[in-house]
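Here the structure is laid out as structure tokens; the discussion comes afterwards.
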There are 2 protein chains.
Amino acid sequence: MNSSRITFTLNELVYVLNSAADRHLRANFDLTYSQFLFLVTLMSQNKPTPSFLAECLGVSRAAVSQRLPWFQDRELVTVSRVSGNEKNLSLELTRKGEALATQSADFLEKEFRVLFQNTDSVDLDDLDKTLRRVKQLLFRNRELRNAA
Amino acid sequence: MNSSRITFTLNELVYVLNSAADRHLRANFDLTYSQFLFLVTLMSQNKPTPSFLAECLGVSRAAVSQRLPWFQDRELVTVSRVSGNEKNLSLELTRKGEALATQSADFLEKEFRVLFQNTDSVDLDDLDKTLRRVKQLLFRNRELRNAA
DNA sequence: CATAGTTTGTCAAGTAGTTAACATCCATGA
DNA sequence: TCATGGATGTTAACTACTTGACAAACTATG
């Protein structure tokens, strides 16, 4: 078969899903999808440095540095120095930020459950497993390991 | 299961694949992945208007309009008016543009075949079919139909 | 201890997209 | 026929990223 066809299919599917997530988040939480990812990723870590968060998000340190003021202005994230360490910053969700991250994640989860409820003919657990398998297999490849 | 997990898996897989494609294209053809998509999409249509090409690429008309000079400067694409139609422009690959699109697509196809050659334990045809099925099913949903 | 190297965070400049506004061209129907 | 409405292509201003350069702060080694 045409082996690049599957990459197009994947891209299309991801586009549809991310667009849906973005619309839900904008409509209900005044949040873009990428702002949502920022908050959720930050929540999943324990007071990360900007540098580490950048790595988790797959963007540059500069990108995180530039976006921080937006979250600080809205009192969603606090930036602090750890005493005895003049070099690294420490990022943390505020109570408000944590509430927003949790609520929006729960909401999205519920929406996707509805979205997927009619896909009876497809075993989604199975599909997830297969996709992870493919990712793992591709990852064995030295070229790809360097990318991520 | 956590139904949003699959969306993360999909995003990660797409990121890995697109990064690999981008690196191959830059290294071998001085082309970014999105420039490649521009050329390949243009090639797959018969002298489309910028507006139609934008729709195919899933970007705005403004984006296509802004990028056209880059391709014209490199003599990869010609922009012309159809006589008797003062409104629409007509886009076409030059001979050089067509050669580049064809060669880079063939190259990428070959590389992905190598990449996928060790995924014996996964039936990629089957996976592609399943992904298309999921996309179809989600598409039934009125909300998503409006997005794409 | 000094110093050479590494990591971090930020800034500046560049790229690729967006939306909104606009002029222009074409089609359509009163 | 002509006025109006819709689609097209361009521009301007904005957003979110990139890379490269940099200073400051740590780390490790002679």
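All chains are named by letter (A, B, ...) in the order of the sequence lines, taking the proteins before the strands, and each is independently numbered beginning at 1. For clarity, every value in this text was computed on a predicted model and none was experimentally measured. Reckoned from all heavy atoms, side chains included, excluding hydrogens, waters and symmetry mates.
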ask   = Taking atom types as modelled and ignoring hydrogens, do the side chains of B:T9 and A:D128 form a donor-acceptor contact shorter than 3.5 angstrom?
value = yes

note = Here the gap from B:L13 atom CG to A:T130 atom OG1, rounded to the nearest 0.5 Å, amounts to 11.0 Å

ask   = Taking atom P of D:dA16 as reference, at what distance in whole Å does atom CG of A:L31 sit?
value = 11 Å

request  = For A:L89 and C:dT7, give me the distance from atom CG to atom P, rounded to whole Å.
outcome  = 18 Å

message = Let's see if you can work this out: which of C:dG17, D:dT10, D:dC17 has an atom nearest to the side-chain heavy atoms of B:R61?
response = D:dT10

inquiry  = Against A:F36, only a single residue in A:T32, A:V40, A:L39 fulfils side-chain contact (heavy atoms from CB on, under 4.5 Å); can you say which?
reply    = A:V40

message = Can you measure B:L68 atom CG to C:dG17 atom C1' for me and round it to whole angstrom units?
response = 15 Å

remark   = Sequence neighbours excluded, the answer for salt bridge (Lys or Arg N to Asp or Glu O under 4.0 Å) partners of B:E92 is B:K47

ask   = Once you round it to whole Å, what is the distance between P of C:dG17 and OH of A:Y15?
value = 12 Å

message = Once hydrogens and angles are ignored, does a donor-acceptor distance under 3.5 Å link the base of C:dT24 to the side chain of B:K87?
response = no

task = Going by the ring-ring contact (aromatic ring centres under 6.0 Å, His included) test, name the single residue among A:Y33, A:F71, A:W70 that passes it with A:F38.
result = A:F71

request  = Taking only the side-chain heavy atoms of B:A62 (C-beta and beyond), determine which of C:dC25, D:dT11, C:dG9 contains the nearest atom.
outcome  = D:dT11

note = Sorted by number, residues from residues 52-59 of chain B placing a heavy atom under 4.0 Å from DNA chain D are none

message = Quick check for you: among C:dT18, D:dC26, D:dT11, whose closest atom lies nearest to any side-chain atom of A:N85?
response = D:dC26

request  = Mind calculating the distance between CH2 (A:W70) and P (D:dC17) to the nearest angstrom?
outcome  = 12 Å

message = Quick check: on DNA chain C, is the nucleotide nearest A:S90 upstream (toward 5') of the one nearest A:Q66, or the reverse? Name the residue that is more 5'.
response = A:S90

query = Looking for any heavy atom pair under 4.0 Å, which part of the strands does A:S60 touch: base, sugar-phosphate only, or nothing?
reply = base

ask   = Between A:R26 (CZ) and C:dT19 (C1'), how many Å, whole number?
value = 11 Å

ask   = Start at the 5' end of DNA chain D and walk down; is the nucleotide closest to A:N88 or to A:A63 reached first?
value = A:A63

inquiry  = Using modelled atom types and a 3.5 Å cut-off, is there a donor and acceptor pairing between side-chain atoms of A:R81 and backbone atoms of A:E86?
reply    = yes

query = What is the distance from CZ of A:R67 to P of C:dT10, rounded to the nearest Å?
reply = 15 Å

ask   = Partners of A:F29 by ring pair (Phe, Tyr, Trp, His ring centres under 6.0 Å), sequence neighbours excluded?
value = A:F107

key: Residue B:S65, side-chain atoms from C-beta onward, closest of D:dT10, C:dG9, C:dG17   = D:dT10

request  = Figure out the CD/P separation between A:E86 and C:dT10, and round it to whole Å.
outcome  = 14 Å

